[in-house]
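Every chain is numbered from 1, with letters handed out A, B, ... down the list of sequences.
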Protein chains: 2
Amino acid sequence: MTLLIRAEKKQQTRQALLDAALTLMADGQGFSAVSLREVTRQVGIVPAAFYRHFPDMDALGLALVEQVSSTFREAIRLVRRNELEQYGAIHASVRIFAEYVVAYRQHFLFLAREQYGGSAAVRQAINAMQRDFITDLEADLALSPRLSHLGPEDYEVLASLVVKTVFTTLPELINPHESDQPDSRSPAHQLEDKLRFILIGAKHWRGIKARTDGD
Amino acid sequence: MTLLIRAEKKQQTRQALLDAALTLMADGQGFSAVSLREVTRQVGIVPAAFYRHFPDMDALGLALVEQVSSTFREAIRLVRRNELEQYGAIHASVRIFAEYVVAYRQHFLFLAREQYGGSAAVRQAINAMQRDFITDLEADLALSPRLSHLGPEDYEVLASLVVKTVFTTLPELINPHESDQPDSRSPAHQLEDKLRFILIGAKHWRGIKARTDGD
DNA sequence: CAACTCAGTCAACAGTTGTTCACTAAATAT
DNA sequence: ATATTTAGTGAACAACTGTTGACTGAGTTG
């Protein structure tokens, strides 16, 4: 039967290759430790067939970044939608985000692992993505009347701080019990508090001139 | 001549193995992508000789964590000493720390790369080290009269936020020009501001009950 | 001086890796 | 109906990997 035309079927095994790479990474190893042959073996095709889809493992990695990036954007979209409708913005945002991370844990695991990881190309791509997020958030923050006392450079630093805080929390959100410490708050709750610290700090920010003389 | 006794010479090539691993990593790849043979080749010994020093590449990695950890502790010691003597605590602390990072860039590069990187054993060891730093800082913060209004759990979250902020800034401190963006502040200056945001937030922290009703 | 310890050598092993080439057969195009 | 495109096959390649065992010779010890 020809229910699946050729192009369709091709894209299907291409996706299988991407998923296989993520799955192999989930078992502990980093992306650059996943071999081309492992990936094809997992999909069930012969190694040479890999080249019909990607010239390189690095190309596979870049495609992965693109895909994971869109997952992340969807998460942001969800968080933003809720932000407008609800009170307790931080609490609700973090809850929604944390749920989304758990649902797409392989994607976010990839992001967390490879943001400083092995392949230079992948690392660079993730960095560029992160920078886009920061720019977006920067524009967002600039619209808030509560933060109108900040300068343009302050927005940039603040946005960077928020985004990187979220990124570093990803491993804990994904593996809630890996870093076992007895009587502390849940990862999501901790992230909440961290964002609160930062935003309270932004609210009381007095500009670069007033260095430390007042506190 | 027997200027170098045997144990001394052994420890010397052991150190050469550790340095070789760091050097090979500095050329872009992650630790788990560095092979046993590459390391021995760089040192100038035969692969089999590796086993006289480490049972495993993982063991080499753990030794590396220990060594880098002590470098980091020395940096903290320097920062602390200065903190007591100078005004403008954050500015001076960051400057000293940033200089130390540049001086030992290979060590801090290892830390930044492998904190979420490939080898599970190394990742876990770095995580434990990070947790130690957080605990130390927690105790430190608890001594500050400016932060006496915080609860015990608040100290933990705050310390974690500070330490992780420093860790995520490491790549930028090491490679000041990799993330080229035109007209923004230097990485060290950005880190300064980030810490300021956080500490101002801590100063105005009103406890967990006052969620968002006041701002 | 003799006995011993042991860091490093040498050669070989079984696996795995990325990449190549000519090929098949089904889907598409003419 | 015929010709073309192309996702996937199968075999082979050179290179590299971690690990082994028996060895050598300088450093140490009694």
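- Place A:Pro55 and B:His53 on DNA chain C by their nearest nucleotides, and B:His53 ends up nearer the 5' end.
- Within 6.0 Å of atom CD in A:Gln15, more than 12 heavy atoms from other residues, nucleotides or ligands are found, so the atom counts as buried in its surroundings.
- In this structure, of C:dT17, D:dG18, D:dG8, it is C:dT17 that holds the atom nearest to the side chain of A:Ser35.
- Across C:dT9, D:dT19, C:dT28, the shortest atom-to-atom separation from the side chain of A:Arg6 is found for C:dT28.
- With distances taken from any side-chain atom of A:Arg37 to the nucleotides C:dT19, C:dT20, D:dG8, the minimum falls on C:dT19.
- Nucleotide D:dG18 holds its P atom 13 Å from the CD1 atom of B:Ile45, rounded to whole Å.
- Distance, A:Leu60 CG to C:dG18 P: 11 Å, rounded to whole Å.
- Using a 4.0 Å heavy-atom distance criterion, B:Gln11 is classed as making no nucleic acid contact.
- In this structure, CD1 of A:Ile5 is placed 18 Å from P of C:dA26, rounded to the nearest angstrom.
- To the nearest angstrom, P of C:dA7 lies 17 Å from CD of B:Gln15.
- Across all strands, A:Arg41 comes closer than 4.0 Å only to sugar-phosphate atoms, never to a base (heavy-atom distances).
- In this entry the distance linking CE of A:Met57 with P of C:dG18 reads 7 Å, nearest Å.
- Closest to the side chain of A:Ala48, out of C:dA27, C:dA7, C:dT20, is C:dT20.
- Checking C:dA7, D:dA7, D:dT19 against the side-chain heavy atoms of B:Pro47 singles out D:dT19 as nearest.
- A salt bridge between A:Glu114 and A:Arg123 is absent, with no side-chain N of the basic residue lying under 4.0 Å from a carboxylate O of the acidic one.
- The existence of a salt bridge linking A:Arg77 and A:Glu74 is confirmed by a sub-4.0 Å separation between a basic side-chain nitrogen and an acidic carboxylate oxygen.
- If you take CD of A:Gln29 and C1' of C:dT16, they are 13 Å apart, rounded to a whole angstrom.
- The interatomic distance linking A:Lys10 (NZ) with D:dA7 (P) rounds to 4 Å, in whole Å.
- Distances were taken from every side-chain heavy atom of A:Tyr51 (C-beta onward) to each of C:dT20, D:dT9, C:dG8; the shortest belongs to C:dT20.
- Here C:dT20 presents its P atom at 13 Å from CZ of A:Phe50, a figure rounded to the nearest Å.
- For the residue pair B:Arg95 and B:Asn82, no side-chain donor N or O sits within less than 3.5 Å of a side-chain acceptor on the partner.
- The distance between the ring centers of A:Tyr104 and A:Phe72 does not fall below 6.0 angstrom.
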